[in-house]
Amino acid sequence: MEVVAIVLAVLGLGAGYGASTVVSRKKIGSVEEKAEKELSKAKKEADKQLSQAREEAAKIADEARKDEQTRRRELKDLEGRLVQREEALDKKLDELDKRGEKLRKSEDEVESLKNEIREIRTKQQEKLEKVAKLKKTEAAEKLMQMTERDIKNDLMGLVSKLQNEAKDNAEEAASLVIVQAMERMASEVTAERTITSVKLEDEEMKGRIIGKEGRNIQSLQRATGVDIMVDDTPGYIVLSSFDPVRREVARQALELLLKDGRVHPGRIEEVVEKAQKNVEKDVVRAGEDAAREVGVIGIPKEILHLLGELKYRTSYGQNVLKHSTEMAHMAGIMAEELGADVKTAKYATLVHDLGKALTHKMEGKHHHISGEILRKYGAPEEVALAAEQHHDDMEATTVEALIVRVCDAISAARPGARNISAENFAERMKDLENVANSFAGIEKSYAISAGREVRVFVKPQSVDDLSAIKLARDIANKIESSMQYPGTIKVNVIRETRAIEFAK
């Protein structure tokens with residue numbers, strides 16, 4: 001039984017194994033079929049993608065070949081242009097070389113011509129010396145003598161001309177004499193404006209001031225440009241000049257010399273320089289005080305300096321700085337009443353005559369100079385415009401300009417404000433100096449002796465002795481043609497050479 005059971009079990013196992021084997025084979029066959037189908041499908045897809053890739057690669061290759069051909073053509077064109085440029089540059093270089101060669105030949109020809117001209121000039125000079133029987137220095141001396149003779153003839157002609165005019169115009173000359181007498185009647189007023197007296201504590205100081213053969217007084221007059229009269233008034237030295245700045249410098253210098261006691265040309269120059277510095281400080285202080293008095297702030301330093309110079313300027317005998325501050329106070333009141341800009345009105349009236357400090361240095365009317373200077377140094381445009389328009393030759397375009405114009409008329413028209421004779425005198429002195437300064441080589445010039453003489457100091461390195469003689473004649477001719485004056489005016493041209501060395 002047991003054996004039967006075992007046999008049956010073995011048979012059951014064999015039947016189960018066979019059945020499972022059959023099932024497994026069927027499954028494997030179906031899987032293989034599926035795999036073959038997928039494989040064939042994948043092969044077809046791969047072939048398709050490969051053909052597409054080949055087509056794209058062919059296209060890219062074609063485009064690359066086309067780009068390469070295009071670039072080759074461009075490079076070929078570029079090479080052609082470069083070759084053309086090189087050829088053009090070579091041609092230009094050849095032309096430049098040819099021109100340079102021509103220039104070198106021309107320079108050689110010019111140099112040879114110069115040498116020929118020098119030889120011809122030397123031969124001509126030798127021939128002239130032989131013909132004239134004069135050396136070059138002797139000819140120069142002859143020329144000096146001829147020039148002196150011509151000038152003497154001119155002076156004699158001038159005297160004869162004046163005499164004939166006096167005979168022909170006797171009535172006019174008589175009227176001129178009367179006018180001169182009337183001016184002398186007003187000398188007291190003029191003297192107050194143009195003369196300063198310095199008191200002497202010791203009469204012996206007069207001799208020191210004059211110096212040996214007048215050396216000291218001449219040095220002082222030259223350094224200051226002021227007439228110094230020692231013997232006219234006992235106990236006083238009188239300083240006379242139309243320019244109050246010069247007169248103030250001379251007064252301070254003279255007082256320092258009298259106090260110190262040492263009077264000689266070297267000391268005089270030092271003292272005059274010190275006095276000029278003191279006057280400069282006074283100028284700055286005067287400008288600042290005027291601005292502070294009126295109440296105008298923020299004025300540039302350059303404008304304040306010019307404003308301070310007006311302390312020593314007069315207009316028809318009226319002090320310009322006092323005139324300006326007086327106007328500024330009136331302008332402030334008017335502007336407040338009219339609703340105008342008070343600060344602009346005050347500022348413009350204070351500086352409206354700024355150009356009078358520069359009329360001897362710049363050409364043009366003083367109010368035009370005022371506007372130009374104010375703009376140059378940064379003053380507000382409305383201030384420059386109002387100052388520039390305070391006279392009738394320009395139309396007043398703002399209320400502030402009208403206020404400046406009205407205040408100027410009021411301040412000038414009040415009784416005793418102006419002295420016409422003093423102003424005419426000062427203007428004539430300035431005109432004389434301006435005529436002399438208009439020539440080249442002038443160092444400085446002074447009108448002295450009430451306008452009867454103008455002293456002109458020239459630069460010795462620019463003007464020689466012969467030119468100085470001609471310069472005096474030219475200045476005299478220009479004075480005759482451009483000015484009106486009584487009597488005659490002496491033109492004194494001074495040329496001085498100084499040699500300075502220091503012992504160490």
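Owing to the predicted nature of the structure, the values given are computational and were not obtained by experimental measurement.
- You'll find the side chain of E116 stays beyond 4.5 Å of the side chain of R121, heavy atoms only.
- Applying the side-chain hydrogen bond (donor to acceptor under 3.5 Å, both in side chains) rule to D90 yields no partners; only residues at least two apart in sequence or on another chain are considered.
- A donor-acceptor contact shorter than 3.5 Å links the side chain of H390 to the backbone of A387.
- Side-chain contact of H323 with D408: a donor-acceptor pair under 3.5 Å is present, judged by distance alone.
- Listed by chain and number, the residues in a side-chain hydrogen bond (donor to acceptor under 3.5 Å, both in side chains) with T397 are Q389 (sequence neighbours excluded).
- A distance of 12.5 Å separates CZ of R247 from CD of Q252, quoted to the nearest 0.5 Å.
- One distance of note links CG of L471 with CG of L466; it measures 11.5 Å at 0.5 Å rounding.
- Side chain of R455 to backbone of I494: no donor-acceptor contact under 3.5 angstrom is found.
- A donor and an acceptor atom, one from each side chain of D464 and S467, are located under 3.5 Å apart.
- Of the inter-residue distances, the one linking I299 atom CD1 with E288 atom CD reads 10.5 Å to the nearest 0.5 angstrom.
- If you take CZ on R222 and NZ on K444, they are separated by 6.0 Å, rounding to the nearest 0.5 Å.
- With respect to the salt-bridge test (charged N to carboxylate O, under 4.0 angstrom), the residues R71 and E74 do not qualify.
- Between K470 and D474 a salt bridge is recorded (basic side-chain N to carboxylate O distance below 4.0 Å).
- Taking each heavy atom of K478 and S438 in turn, the nearest pair found is NZ-OG, 2.9 Å.
- The distance from atom CG of N492 to atom OH of Y446, rounded to the nearest 0.5 Å, is 14.0 Å.
- In this structure, CD on E107 lies 15.0 Å from NZ on K102, to the nearest 0.5 angstrom.
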